[in-house]
**Student:** 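Encoded as structure tokens, here's the structure I'll be asking about.
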Amino acid sequence: MRTQVAIIGAGPAGLMLGRLLDLNGIDNVILERKSADYVLGRIRAGVLEQGSVDLMERAQVAQRLHSEGLVHHGTDLSFDGDHLRIDFTGLVGRSVTVYGQTEVTRDLMDARQGETIYEADNVELHDLDGKPWVSWVKDGVTHRLDCDYIAGCDGYHGVSRASVPAEALTTFERIYPFGWLGVLVDQPPVAHELIYAHHARGFALCSQRSMTRSRYYVQVPLEEKVENWSDERFWDELRRRLSAETAEALQTGPSIEKSIAPLRSFVAEPLRFGALFLAGDAAHIVPPTGAKGLNLAMSDVGMLADAFIELYGERSKVGIDLYSAKALSRIWKAERFSWWMTSLLHTFPENGPFGRRIQRAEFDYLAGSRAAQQVLAENYVGLPN
Ligand code: RFL
Ligand code: PHB
């Protein structure tokens with residue numbers, strides 16, 4: 001088999017890249033380790049920046065997003081029960097759209113024209129410095145795909161980044177001493193907008209997927225086990241971390257999904273090694289506090305698609321040569337913002353009383369400063385490419 005671009009991973013990054021390449025007549029094949037149902041069953045992000053919505057439009061897959069997505073003009077921050085609304089539209093003239101990653105993935109899967117090989121085991125990347133090719137095993141048979149380039153869109157635990165010799169990559173990492181315990185429930189959201197809450201017992205987030213489906217998170221220690229959290233225990237803990245009126249308004253029910261995600265900041269540099277380009281979680285991770293992970297994956301592949309279109313259309317290598325530096329500049333700004341939101345809103349065991357007073361001062365400063373709110377809003381709705 002032969003293709004122009006071999007894409008590893010059928011998450012949002014791989015599927016969006018494949019779609020943009022298909023629309024521009026660039027042949028591509030996606031290799032995915034899991035089944036399509038498994039990929040669709042992963043409950044992850046929920047907030048799209050305008051840039052991601054624009055990319056869905058460009059990919060001609062935004063119809064359902066526009067009819068079902070919820071446009072949010074602001075968000076609520078709460079600190080020990082005191083509320084502060086950040087008015088995105090009033091502050092920076094832009095908004096975000098609540099539309100689940102599952103739905104983004106489904107829309108892209110439904111539109112897919114090129115070949116996707118699901119349940120491809122033992123994917124291996126070869127000759128990245130020469131004539132690249134990819135091998136995998138399916139139903140006990142080994143296959144080979146020759147290609148011009150490989151796009152590593154296979155997430156943090158994927159094979160692509162691991163295929164780059166260690167000395168050719170520099171990695172930067174911060175592991176936080178806590179994770180998020182998330183619950184999905186078929187109940188209306190507690191508020192119209194998201195609530196990011198700081199409390200002495202830890203962070204909590206009230207998010208949503210639709211007018212009838214809500215997503216809630218609480219900060220838990222890294223070693224916590226999901227089996228120790230009955231629904232009842234989760235709701236009790238969440239209520240404790242919210243203001244009295246929010247806790248009162250919370251509508252609970254049986255969880256339809258419950259899982260713990262660790263929090264991490266991570267960047268690998270550069271994003272290119274020979275014929276291999278890294279994009280999305282394969283190249284970087286942000287803690288979910290700023291809602292940036294999926295959006296960064298989208299902006300990476302938007303840039304990478306443009307670079308391939310320039311290469312195959314105009315025979316110019318300028319775009320693919322600049323991809324790494326251009327994407328990293330945006331990535332580091334999102335890393336900074338996600339780290340800052342995480343630092344403001346979580347409890348850190350090592351911070352002590354001084355650290356909590358500093359967090360409170362930061363919240364009070366935000367509450368009293370339009371300039372500070374503008375900085376938050378500008379980053380949350382998404383910086384330009
Ligand atoms: P993905 O989604 O991990 O997809 C990678 C795909 O590659 C496959 N794969 C392989 N395929 C072949 N061979 C191999 N060896 C392979 N190894 C892996 C995997 O099966 C998978 O299908 O990466 P991608 O496409 O880069 O997308 C990134 C996003 O998924 C991620 O950044 C976001 O979900 C992060 N995130 C959020 N981002 C936002 O923008 N807004 C949010 O509100 C938000 N909330 C979240 C989040 C992530 C969370 N978790 C669980 C980490 C909330 C949570 C709880
Ligand atoms: C979510 O709905 O899953 C979500 C929303 C906002 C975040 C993180 C996760 O910052």
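Numbers here are sequence positions counted from 1. Both ligands and their constituent atoms are indexed starting at 1 by order of listing. Quick caveat, the model's predicted, so the values are computed rather than measured.
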**Student:** Of all the atoms in ligand 1, which lie at a distance below 4.0 Å from a heavy atom belonging to Val123?
**Tutor:**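 Those qualifying, in numeric order: 13 (N).
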
**Student:** Below 4.0 angstrom from a heavy atom of Tyr217, which ligand 1 atoms are there? Numbered from 1 as shown, please.
**Tutor:** 53 (C), 55 (C)

**Student:** Under 4.0 Å between a side-chain nitrogen and a carboxylate oxygen: does that hold for Glu49 and Lys292?
**Tutor:** yes

**Student:** Where is the nearest protein heavy atom to atom 19 (C) of ligand 1: which residue, which atom, and how far?
**Tutor:** Glu32 OE2, 3.5 Å

**Student:** At the 4.0 Å heavy-atom cut-off, does Tyr156 count as touching ligand 1?
**Tutor:** no

**Student:** Any heavy-atom pair between the side chains of Trp133 and Asp127 that's under 4.5 Å?
**Tutor:**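 Touching, per the 4.5 Å side-chain cut-off.
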
**Student:** When you measure from atom 27 (O) of ligand 1 to every protein heavy atom, which one gives the shortest distance, and what is it?
**Tutor:** Pro12 CG, 3.5 Å

**Student:** Indicate yes or no: does an N/O atom of Ile8 lie under 3.5 Å from an N/O atom of ligand 1?
**Tutor:** no

**Student:** Are any side-chain N or O atoms of Gln373 and backbone N or O atoms of Leu366, one a donor and one an acceptor, separated by less than 3.5 Å?
**Tutor:**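 Yes; judged by distance alone, with no hydrogens or angles, the pair exists.
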
**Student:** Considering distance alone, does some N or O of Pro288 sit under 3.5 Å from an N or O of ligand 1?
**Tutor:**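 For ligand 1, there is no N or O atom that lies under 3.5 Å from one belonging to Pro288.
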
**Student:** Are Leu15 and Asp107 packed together at the side-chain level, in the sense that at least one heavy-atom pair is separated by less than 4.5 angstrom?
**Tutor:** no

**Student:** Please confirm whether Gly46 approaches ligand 1 to less than 4.0 Å, judged on its heavy atoms.
**Tutor:** yes

**Student:** Look at atom 24 (P) of ligand 1 and say which protein heavy atom is nearest, naming residue and atom and giving the distance to 0.1 Å.
**Tutor:**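 That would be Ala13 CB, 3.9 Å.
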
**Student:** Taking only heavy atoms of Lys34 into account, list the atoms of ligand 1 that are under 4.0 Å away from them.
**Tutor:** 20 (O)

**Student:** Atom 31 (C) of ligand 1: which protein heavy atom is closest, and how many Å away?
**Tutor:** Asp281 OD2, 3.3 Å

**Student:** Give a yes or no answer on whether the side chain of Gln208 reaches the backbone of Ser214 with a donor-acceptor pair at less than 3.5 Å.
**Tutor:**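 Absent.
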
**Student:** Is there a ring pair (Phe, Tyr, Trp, His ring centres under 6.0 Å) between Phe178 and Phe348 once you walk through the steps?
**Tutor:** CA-CA 8 Å; Phe178 42 73; Phe348 289 76; 5.2 Å; yes

**Student:** When you measure from atom 3 (O) of ligand 1 to every protein heavy atom, which one gives the shortest distance, and what is it?
**Tutor:**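 Protein heavy atom with the smallest distance to atom 3 (O) of ligand 1: Arg44 NH1, 2.9 Å.
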
**Student:** Given that the side chain starts at C-beta and the backbone is N, CA, C, O, which of these parts of Trp180 lies under 4.0 Å from ligand 1, counting heavy atoms, or is it both or neither?
**Tutor:** neither

**Student:** Run through Asn24, Leu20, Ile320 and flag the one making a side-chain contact (heavy atoms from CB on, under 4.5 Å) with Phe308.
**Tutor:** Ile320

**Student:** Check ligand 1 against Gly158 and write out every atom of the ligand that is under 4.0 Å from a heavy-atom position of the residue.
**Tutor:**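 Close to Gly158: 17 (N).
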
**Student:** At less than 4.0 angstrom from any non-hydrogen atom of Val47, what atoms of ligand 1 do you find?
**Tutor:**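 Under 4.0 Å from Val47, ligand 1 has these atoms: 41 (N), 43 (O).
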
**Student:** Show me the donor-acceptor pairs within less than 3.5 Å that the side chains of residues 163-175 make with the rest of the protein, sequence neighbours left out.
**Tutor:**
unit_1 : atom_1 : unit_2 : atom_2 : d
Ser163 : OG     : Val159 : O      : 2.6
Glu173 : OE2    : Tyr156 : OH     : 3.2
Glu173 : OE2    : Arg264 : NH1    : 2.6

**Student:** For Arg2, does the CZ atom sit with more than 12 other heavy atoms under 6.0 Å from it, leaving out its own atoms?
**Tutor:**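 Correct, the count exceeds 12.
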
**Student:** For Leu294 and ligand 1, does the shortest N/O to N/O distance drop below 3.5 Å?
**Tutor:**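 Between Leu294 and ligand 1, an N or O pair is found under 3.5 Å apart.
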
**Student:** Using a strict 4.0 Å threshold on nitrogen-to-oxygen distance, state whether Arg112 and Asp22 make a salt bridge.
**Tutor:** yes

**Student:** Taking the side chain as every heavy atom from C-beta outward, state whether Tyr176 and Leu222 have any pair of such atoms under 4.5 Å apart.
**Tutor:** no

**Student:** If the criterion is any heavy atom closer than 4.0 Å to an atom of ligand 2, which residues make the list?
**Tutor:**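 For ligand 2, the contacting residues are Arg44, Gly46, Val47, Trp180, Leu194, Tyr196, Leu205, Ser207, Arg209, Arg215, Tyr217, Pro288, Thr289, Ala291.
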
**Student:** So between Glu49, Arg33, Arg42, whose heavy atom ends up nearest atom 22 (O) of ligand 1?
**Tutor:** Arg42

**Student:** For Glu335 and Ser265, which heavy atoms make the closest approach, and how far apart are they?
**Tutor:**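 Closest heavy-atom pair between Glu335 and Ser265: OE1-CB, 3.6 Å.
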
**Student:** Quick check on contacts: which atoms of ligand 1 are under 4.0 angstrom from a heavy atom of Leu31?
**Tutor:**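 Listed by number with element, the hits are 11 (N), 12 (C).
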
**Student:** Mind telling me whether Phe203 and His346 have parallel, tilted or perpendicular rings, with 30° and 60° as the class edges?
**Tutor:** parallel

**Student:** Scan the side chains in residues 374-385 for donor-acceptor partners under 3.5 Å anywhere in the protein, sequence neighbours excluded, and list what turns up.
**Tutor:**
unit_1 : atom_1 : unit_2 : atom_2 : d
Gln374 : NE2    : Leu91  : O      : 3.1
Asn379 : ND2    : Val375 : O      : 2.8
Tyr380 : OH     : Tyr196 : OH     : 2.6
Asn385 : OD1    : Arg330 : NE     : 3.1

**Student:** With heavy atoms of Gly11 as the reference, note each atom of ligand 1 found under 4.0 Å away.
**Tutor:**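 Heavy-atom distances to Gly11 below 4.0 Å select 4 (O), 6 (C), 22 (O), 25 (O).
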
**Student:** Which one of Ala261, Ala162, Ala45, Ser259 has a non-hydrogen atom at the shortest distance from atom 52 (C) of ligand 1?
**Tutor:**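 Looking at heavy atoms only, Ala261 sits closest to atom 52 (C) of ligand 1.
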
**Student:** Should Val39 be counted as touching ligand 1, given the test is an N or O pair under 3.5 Å?
**Tutor:** no

**Student:** With a 4.0 Å cut-off, would you call Glu103 and Arg64 a salt bridge?
**Tutor:** yes

**Student:** For atom 18 (C) of ligand 1, what's the nearest protein heavy-atom neighbour? Residue, atom name and distance, please.
**Tutor:**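 Nearest protein contact, heavy atoms only, for atom 18 (C) of ligand 1 is Asp154 O, 3.1 Å.
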
**Student:** Do the side chain of Thr3 and the main chain of Ala6 share a donor and acceptor less than 3.5 angstrom apart?
**Tutor:**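 Side chain of Thr3 to backbone of Ala6: no pair is present.
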
**Student:** Looking at Cys153, which atoms of ligand 1 are within less than 4.0 Å of one of its heavy atoms?
**Tutor:**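 Close to Cys153: 5 (C), 6 (C), 7 (O).
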
**Student:** Indicate yes or no: at least one non-hydrogen side-chain atom of Glu32 is less than 4.5 angstrom from one of Tyr118.
**Tutor:**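 Yes, their side chains come closer than 4.5 Å.
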
**Student:** Just heavy atoms, cut-off under 4.0 Å: does Gln101 contact ligand 1 by side chain, backbone, both, or neither?
**Tutor:**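 The side chain, only.
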
**Student:** Sorted by first residue and then second, give each side chain to side chain donor-acceptor pair (under 3.5 Å) pair with at least one member in residues 5-18; sequence neighbours left out.
**Tutor:**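 Listed once each, the pairs would be none.
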
